[in-house]
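Structure record follows, encoded as structure tokens.
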Protein chains: 2
Amino acid sequence: MSKKHRVTLHEVAAHAGVSTSTVSLVIRNNPRISEATRKKVFDSINTLGYVYDRVAANLRSQSSGIVGVIVTDISNKFISEFLIGAQNTLEQFGYTVLLGTTFDSVSKQDKLLSTMVEHRVDGLILNPASKSSEKTVKKINELQIPIVLANRELEDANCDYVGIDYVKGAYIAVTHLLEKGHKRIAYLGGIKASSTWIERMQGFQLAYERAGLKLDESLIIDGPPTREGGFDAVSKVLQNENPPTAIFCFSDLVASGVLQGLALHELTPGVDIDIVGFDNIPDSEIYHPPLTTVSSFPRSIGIKSANILYEKMTKSSPEKQRIILKPELIIRETS
Amino acid sequence: MSKKHRVTLHEVAAHAGVSTSTVSLVIRNNPRISEATRKKVFDSINTLGYVYDRVAANLRSQSSGIVGVIVTDISNKFISEFLIGAQNTLEQFGYTVLLGTTFDSVSKQDKLLSTMVEHRVDGLILNPASKSSEKTVKKINELQIPIVLANRELEDANCDYVGIDYVKGAYIAVTHLLEKGHKRIAYLGGIKASSTWIERMQGFQLAYERAGLKLDESLIIDGPPTREGGFDAVSKVLQNENPPTAIFCFSDLVASGVLQGLALHELTPGVDIDIVGFDNIPDSEIYHPPLTTVSSFPRSIGIKSANILYEKMTKSSPEKQRIILKPELIIRETS
DNA sequence: CTGAAAGCGCTTACAG
DNA sequence: CTGAAAGCGCTTACAG
């Protein structure tokens with residue numbers, strides 16, 4: 001093993017006494033090579049310490065074996081679970097994952113999209129930033145590679161999509177609160193411009209309509225889909241002259257901030273005020289107190305996204321797919 | 001914009017009426033190209049919709065612009081925070097991150113290491129699997145690329161390292177419990193073979209020694225560094241004929257499982273039994289009840305790791321570095 | 001079942 | 001300040 005020089009196919013071929021084509025075929029397990037030759041080549045590979053150069057292979061074969069996955073925030077458990085599902089599935093198919101995190105910034109997202117294309121990714125799974133604009137959609141539609149959107153749908157984007165039914169999720173959560181007798185329910189956190197926020201809002205309204213109630217706009221406070229966002233939103237809504245008796249949170253992460261804020265005001269969730277989250281992240285179970293929430297299925301979304309992408313990358317004319325998973329209500333101690 | 005064909009440097013050169021070398025230099029912002037030529041070339045790039053092909057560039061220039069980051073578990077908040085730090089820093093330096101998750105499996109780690117090298121990553125940040133063996137170390141030492149280890153040190157590995165002082169962290173946690181009058185303290189979770197477990201054990205022992213106490217091996221139960229691991233360990237230790245009055249947990253994640261297990265036995269943390277975690281992940285603050293824990297600094301570790309790796313990738317003969325961050329005790333309600 | 005030759009799309013000296 | 005030519009390390013038809 002030399003220090004700087006990388007062993008090439010040529011050298012392996014020379015050492016084994018065959019042609020480079022043969023070595024290439026052996027490496028890729030092509031069955032039309034005889035067992036004897038195969039063994040000879042593998043011996044040479046081992047003694048020379050040859051390392052396959054995918055960069056060269058990719059240039060020649062015009063595919064990279066790399067899939068880009070762009071998400072908004074890996075420290076959000078929902079997203080990290082989603083990522084695990086996508087990554088595991090992709091790796092099983094033999095792909096490697098190039099990860100990008102946008103922190104919900106559209107400009108960062110644009111940059112990542114460009115970088116990934118320059119790296120010739122074979123496909124892309126995108127969990128779009130909340131404020132993705134028409135410009136983003138245009139860019140995505142111009143991309144010449146398979147792409148699937150996850151968790152958040154983009155209007156007019158010509159892509160496959162995997163997500164959950166946020167309308168229904170919000171509907172069951174709010175209906176649960178209404179059935180408990182609440183008439184003033186707040187909706188806290190999440191970016192108003194995003195499809196995920198809008199769809200929850202639709203479910204929220206639907207539940208109100210069916211109950212024959214009118215909603216109070218002053219109880220709807222949007223903000224970043226983070227713990228801080230939840231903390232700020234609850235602080236604001238508690239200053240309302242007629243404060244809510246229950247809160248529907250955009251996500252469990254937002255709910256965690258809401259719980260923090262309530263503790264500060266010495267309000268006990270489930271007693272003084274009812275709270276419902278969204279996502280059912282594992283930690284919601286050990287929040288203080290354990291959080292009632294809507295269960296979505298991030299890992300399944302990741303797996304499904306990867307499967308669809310794989311089909312798009314390998315089949316010639318796959319059908320466009322749109323998969324919507326059904327949510328469930330998990331009742332714990334905050335309601 | 002044609003549908004299948006990718007525009008090449010050649011075509012841009014022809015369109016702009018210059019040579020490919022010139023286009024190449026323009027793209028890479030080489031200052032020795034005149035402003036006029038530069039503009040002409042950029043115009044052609046835009047009208048043709050040219051996309052830079054890094055795969056080709058990388059093959060020729062023998063560097064990929066990609067850094068591999070291999071971690072044990074992105075759904076662990078400590079790790080995801082670490083990743084954010086590393087990734088942000090690396091991206092600022094212009095690198096793209098190829099992510100690998102081992103789920104603490106050594107064989108998966110081996111495979112990922114190979115894949116990354118085949119993709120010609122320029123450098124590697126490795127958060128080693130708990131049971132990484134001598135074989136792993138040998139493999140790492142043979143790698144011809146810069147590599148920095150994070151969070152867990154590997155004996156005899158010839159690498160830079162960034163982590164925190166686990167001995168001291170465990171020492172301050174256990175001393176805190178001893179000062180509260182506890183004499184039977186359990187140590188739950190974590191893999192016995194890993195440096196992170198061993199170092200905490202050393203701190204644990206040191207605290208006991210200074211207090212003039214002898215430790216009881218039956219209160220030391222190792223296991224996977226996960227919530228499930230914590231749950232299982234606490235279930236076991238509670239069956240001890242002389243159960244502990246306090247528990248030092250390998251990590252906050254383990255502590256979350258311990259809290260779950262205690263709830264099942266109707267023991268109230270901070271009242272019936274004291275608990276201390278390790279990591280100070282954001283959620284520990286809203287655990288039920290809020291967890292006393294040792295604060296480590298995952299994001300800083302990520303940032304430091306990336307900085308050191310960058311130096312190694314760019315400087316010719318950097319000094320070997322070993323950075324150990326100091327932990328702090330955060331007292332909340334479980335003790 | 002195996003080999004000789006061309007080429008993927010860039011960058012790199014080198015020449016002018 | 002710019003161009004012609006070689007080459008990075010593979011894979012891909014094609015021929016035998």
Side-chain angles (χ1 to χ4, degrees), chain A residues 2 4-42 44-45 48-66 94 115 117-122 144, chain B residues 2 4-42 44-45 48-66 94 115 117-122 144:
Chain A
S2 62
K4 276 271 86 127
H5 171 76
R6 196 159 167 152
V7 180
T8 70
L9 253 197
H10 259 92
E11 299 172 60
V12 173
H15 187 272
V18 297
S19 73
T20 57
S21 334
T22 304
V23 178
S24 176
L25 293 169
V26 168
I27 287 169
R28 288 172 295 147
N29 283 315
N30 188 307
R32 69 172 204 253
I33 301 292
S34 70
E35 213 29 69
T37 312
R38 183 185 306 279
K39 194 186 167 318
K40 209 163 52 178
V41 171
F42 272 124
S44 298
I45 286 176
L48 296 178
Y50 171 72
V51 173
Y52 185 53
D53 189 332
R54 271 182 210 279
V55 174
N58 293 342
L59 173 60
R60 182 57 234 254
S61 62
Q62 299 292 56
S63 87
S64 65
I66 296 181
T115 307
V117 176
E118 291 182 359
H119 276 295
R120 275 185 176 276
V121 293
D122 290 339
Q144 306 289 342
Chain B
S2 62
K4 275 270 87 124
H5 172 75
R6 194 159 169 152
V7 181
T8 69
L9 253 197
H10 260 91
E11 298 172 60
V12 174
H15 187 272
V18 297
S19 74
T20 57
S21 334
T22 304
V23 177
S24 175
L25 292 169
V26 168
I27 288 168
R28 287 173 296 148
N29 282 315
N30 188 309
R32 68 174 205 251
I33 301 292
S34 71
E35 212 31 70
T37 312
R38 184 184 305 280
K39 195 186 166 318
K40 209 165 49 177
V41 170
F42 272 125
S44 298
I45 285 177
L48 296 178
Y50 171 72
V51 173
Y52 185 52
D53 189 332
R54 272 181 210 277
V55 174
N58 293 342
L59 173 60
R60 183 55 236 254
S61 63
Q62 299 290 57
S63 87
S64 64
I66 296 181
T115 307
V117 176
E118 291 182 0
H119 277 295
R120 276 184 175 276
V121 293
D122 291 339
Q144 306 289 343

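For the numbers below, each heavy atom of this structure counts, side chains included, while hydrogens, waters and symmetry mates do not. First the proteins, then the strands, lettered A, B, ... as listed; each starts at 1.
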* To do: Could you give me the CA-CA distance, side-chain angles and deciding distance for A:V18 and A:V26, then say whether side-chain contact (heavy atoms from CB on, under 4.5 Å) is met?
  => CA-CA 11 Å; A:V18 297; A:V26 168; over 6 Å; no
* Check: C:dA4 base within 3.5 Å donor-acceptor of A:T20 side chain -> no
Is [X] near enough to [N] that one of its side-chain N or O atoms lies under 4.0 angstrom from OP1 or OP2?
{"X": "A:S19", "N": "C:dG3", "value": "yes"}
{"X": "B:S34", "N": "D:dT2", "value": "yes"}
{"X": "B:S61", "N": "D:dC8", "value": "no"}

Given atom [atom1] of [X] and atom [atom2] of [N], what is their separation to the nearest angstrom?
{"X": "A:R28", "N": "D:dA13", "atom1": "CZ", "atom2": "C1'", "value": "12 Å"}
{"X": "B:N30", "N": "D:dC1", "atom1": "CG", "atom2": "P", "value": "10 Å"}
{"X": "B:N58", "N": "C:dT11", "atom1": "CG", "atom2": "P", "value": "9 Å"}
{"X": "B:I33", "N": "D:dG3", "atom1": "CD1", "atom2": "P", "value": "8 Å"}
{"X": "B:L59", "N": "C:dC8", "atom1": "CG", "atom2": "P", "value": "13 Å"}
{"X": "B:R60", "N": "D:dA6", "atom1": "CZ", "atom2": "P", "value": "13 Å"}
{"X": "B:Y52", "N": "C:dT11", "atom1": "OH", "atom2": "C1'", "value": "8 Å"}
{"X": "B:Q62", "N": "D:dG7", "atom1": "CD", "atom2": "P", "value": "14 Å"}

* Asked: For C:dA4, which nucleotide is its Watson-Crick or G-U wobble mate, given both distances must be under 3.5 Å?
  -> none
* **G-U wobble or Watson-Crick pairing nucleotide for D:dA13 (cut-off 3.5 Å, both distances)** => none
* Asked: Taking it one step at a time, do B:R120 and B:V117 satisfy side-chain contact (heavy atoms from CB on, under 4.5 Å)?
  -> CA-CA 5 Å; B:R120 276 184 175 276; B:V117 176; over 6 Å; no
For [X], report the nucleic acid contact type (base, sugar-phosphate, nothing); a contact means any heavy atom under 4.0 Å.
{"X": "A:V55", "answer": "nothing"}
{"X": "B:R120", "answer": "sugar-phosphate"}
{"X": "B:S21", "answer": "base"}

* So which nucleotide from D:dC10, C:dC10, C:dG3 ends up closest to the side chain of B:D53? -> C:dC10
* A:T22 side chain reached by A:T37 side chain, heavy atoms, under 4.5 Å -> yes
* Structure fact -> Residue pair A:R54/B:T37 against DNA chain D: nearer the 5' end by closest nucleotide is B:T37
* Any chance the side chains of A:S24 and A:R28 put a donor and an acceptor closer than 3.5 Å? -> yes
* Structure fact -> Correct closest heavy-atom pair for A:Y50 and A:V7 would be CD1-O, 3.3 Å
